[in-house]
Amino acid sequence: MVARRKVAVVGVALSDCGRVDDATPYALHAQAARRALADAGLDRSLVDGFASAGLGTLAPIEVAEYLGLRPTWVDSTSVGGSTWEVMAAHAADAIAAGHARVVLLAYGSTARADVRAGRRTGTLSFGTRGPLQFEAPYGHTLIAKYAMAARRHMIEHGTTIEQLAQVAVQARANAALNPEAMFRTPVTVDDVLAGPMIADPFTKLHCCVRSDGGAAVLLAAEEYVRDCRTAPVWVLGSGEDISHSAMSEWPDFTVSPAAVSGRLAFERAGVRPSEIDFAEIYDAFTYMTLVTLEDLGFCGKGEGGAFVEKGRLRVEGGELPVNTDGGGLSAQHPGMRGLFLLVEAVRQLRGECGDRQVRRVDGSLPRLTVASGTGGWFCSSGTVVLGAG
């Protein structure tokens with residue numbers, strides 16, 4: 001039996017993000033990829049694995065061709081926002097087994113610019129084929145499905161709209177420390193509640209921003225770490241899970257698939273939630289943060305509202321800083337945002353985050369983090385536990 005190699009994240013980068021009106025999605029892929037390779041200090045010729053989704057008729061073949069890559073290992077898994085945590089897990093397994101040496105994950109989207117230029121509408125439709133045909137006549141939009149789940153949690157567990165609003169308030173507080181965040185002006189609970197209603201109970205600030213942007217992450221086998229210019233961040237464990245497509249097949253609106261992916265990731269990493277220094281959690285809507293915190297084991301089921309209302313998610317003074325860059329609610333959200341979670345997680349573990357840098361109680365840099373992505377309308381989840389080198 002061949003010994004499995006350790007796997008590290010050795011390079012991360014974002015493309016230009018926020019309002020980018022003069023670039024194509026392909027260009028954002030390339031910009032992020034070049035920056036991630038430069039961050040790692042590795043030559044492009046070492047990249048023999050590539051993973052991407054969301055662009056091209058034959059993803060990731062078209063994007064690899066655009067980047068000038070000829071990979072011998074590819075992944076085009078597409079499960080919504082959790083795609084990138086799932087891909088990172090697949091890449092780590094491939095590298096550990098000797099099927100690849102260096103794998104590049106890349107993403108880019110001009111979601112905001114496309115709406116602005118009239119290339120697409122602001123309403124995201126997943127079509128009416130398959131199971132979705134039974135819900136489409138009733139006007140089920142993506143946000144309505146999340147809103148329904150949030151309302152169920154409020155009914156069953158007494159979660160209040162003010163508690164959900166606290167997620168947005170604290171995300172904005174973290175974004176205020178991030179010079180690259182799209183929105184940095186502080187907001188209050190009253191500001192969140194007073195906004196225009198989008199889908200009951202969500203007002204505008206309960207919902208993620210729409211932006212442009214790209215990201216890239218480079219994973220490598222342990223023998224290449226010594227050649228890198230950055231400190232390695234080790235992939236310690238991962239898990240994935242799928243739940244449902246049709247809302248009628250979701251057993252419990254108050255439990256996300258992170259309950260399974262998180263348990264698997266922590267078990268495989270050999271760590272407990274209580275050991276995690278900060279968390280990067282997919283936050284297209286405030287309820288996603290709250291329920292994922294419960295399902296990852298940071299608090300009990302139904303206790304998410306009480307957990308978030310005490311300011312625990314803030315970089316400054318928070319017990320468990322969450323979405324330290326401001327998250328999808330304030331920093332950027334160009335579509336499938338899961339790769340941005342991994343970029344921020346790695347930068348924090350390497351101590352590169354300036355005013356928003358997380359510190360442990362003794363002032364030292366964080367050692368452990370978890371990135372958990374959610375896809376669809378809680379249809380899928382991928383969770384990755386990372387540790388500093």
Side-chain angles (χ1 to χ4, degrees), residues 14-23 25 28 32 54 80-84 107-117 119-124 141-147 150 164-189 191-199 201-215 280-290 292 308 313-315 322-344 356 371 373-377:
L14 301 182
S15 71
D16 294 345
C17 292
R19 301 171 180 86
V20 186
D21 293 315
D22 56 353
L28 295 179
S82 63
T83 289
W84 307 102
Y107 177 66
S109 169
T110 51
R112 173 202 153 272
D114 289 348
V115 172
R116 182 182 178 89
R119 291 187 289 266
R120 55 166 285 184
T121 66
T123 301
L124 178 64
T141 61
L142 177 71
I143 184 173
K145 295 177 181 183
Y146 279 103
L164 286 171
Q166 274 288 349
V167 176
V169 170
Q170 293 173 62
R172 185 62 64 86
N174 292 344
L177 305 173
N178 177 13
E180 297 180 337
M182 199 168 178
F183 294 95
R184 302 180 64 196
T185 303
V187 296
T188 66
V189 169
D191 291 332
V192 179
L193 301 186
M197 183 63 67
I198 306 299
F202 295 151
T203 54
K204 183 178 179 179
L205 291 177
H206 283 281
C207 309
C208 65
V209 303
R210 185 191 300 275
S211 77
D212 308 309
E280 305 298 337
I281 292 174
Y282 207 97
D283 63 338
F285 306 101
T286 53
Y287 176 61
M288 297 174 75
T289 303
L290 184 145
T292 305
V308 302
L313 314 186
R314 294 175 180 260
V315 169
V322 171
N323 296 335
T324 50
D325 62 345
L329 292 171
S330 287
Q332 78 288 110
H333 198 302
M336 296 189 293
R337 192 179 178 270
L339 199 54
F340 292 75
L341 307 181
L342 294 170
V343 172
E344 178 67 10
R356 70 179 189 280
T374 301
W377 36 98

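Since the model is a prediction, treat every value here as computed from it, not as a measurement.
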If I take atom [atom1] from residue [X] and atom [atom2] from residue [Y], how far apart are they, to the nearest 0.5 angstrom?
X: D212; Y: S15; atom1: CG; atom2: OG; result: 8.5 Å
X: N178; Y: R172; atom1: CG; atom2: CZ; result: 12.0 Å
X: L205; Y: I198; atom1: CG; atom2: CD1; result: 9.5 Å
X: L341; Y: S82; atom1: CG; atom2: OG; result: 10.5 Å
X: C17; Y: Q332; atom1: SG; atom2: CD; result: 5.0 Å
X: H333; Y: F340; atom1: NE2; atom2: CZ; result: 9.0 Å

Heavy-atom pair with the smallest gap, counting every atom of [X] and [Y]:
X: R337; Y: A331; result: NH2-CB, 4.4 Å
X: P25; Y: G108; result: CB-O, 3.8 Å
X: D191; Y: V187; result: OD2-CA, 3.5 Å
X: A111; Y: P334; result: CB-O, 3.4 Å
X: A150; Y: F202; result: CB-CZ, 3.7 Å
X: A32; Y: A215; result: CB-C, 3.6 Å

Compute both the distance and the angle, then confirm whether R19 meets the cation-pi test with F183: under 6.0 Å from the six-membered ring centre, within 45 degrees of the axis. yes

Would a line drawn from the ring center of W84 to the ring center of Y107 be shorter than 6.0 Å? yes

For side-chain contact (heavy atoms from CB on, under 4.5 Å), just list the numbers for N323 and L329, CA-CA rounded to whole Å, side-chain angles, deciding distance to a tenth of an Å, and then say yes or no. CA-CA 9 Å; N323 296 335; L329 292 171; over 6 Å; no

With side chains defined as the heavy atoms from C-beta onward, is the minimum distance between [X] and [Y] less than 4.5 Å?
X: M288; Y: I281; answer: no
X: P201; Y: Y287; answer: no
X: R112; Y: V209; answer: no
X: N174; Y: Q170; answer: no
X: L193; Y: T203; answer: no
X: R314; Y: V169; answer: yes
X: L164; Y: H206; answer: yes
X: T374; Y: Y146; answer: yes

Could you give me the CA-CA distance, side-chain angles and deciding distance for S109 and L28, then say whether side-chain contact (heavy atoms from CB on, under 4.5 Å) is met? CA-CA 7 Å; S109 169; L28 295 179; 6.0 Å; no

Show your reasoning for whether side-chain contact (heavy atoms from CB on, under 4.5 Å) applies to L313 and V308. CA-CA 7 Å; L313 314 186; V308 302; 4.0 Å; yes

Taking the basic N atoms (NZ, or NE/NH1/NH2) and the acidic carboxylate oxygens, is any pair closer than 4.0 Å for R184 and D325? no

Taking [Y]'s backbone N and O only, do any of them form a donor-acceptor pair with [X]'s side chain (distance below 3.5 Å, no angle check)?
X: D283; Y: G328; answer: yes
X: Y282; Y: G375; answer: no
X: T141; Y: A144; answer: yes
X: T83; Y: G80; answer: yes

In sequence, state the C-alpha distance, the side-chain angles, and the governing distance for V189 and Q166, and then conclude on side-chain contact (heavy atoms from CB on, under 4.5 Å). CA-CA 6 Å; V189 169; Q166 274 288 349; 3.7 Å; yes

List in chain and number order the residues that pass salt bridge (Lys or Arg N to Asp or Glu O under 4.0 Å) with R356, two or more places apart in sequence or in another chain; answer none if no residue qualifies. E344

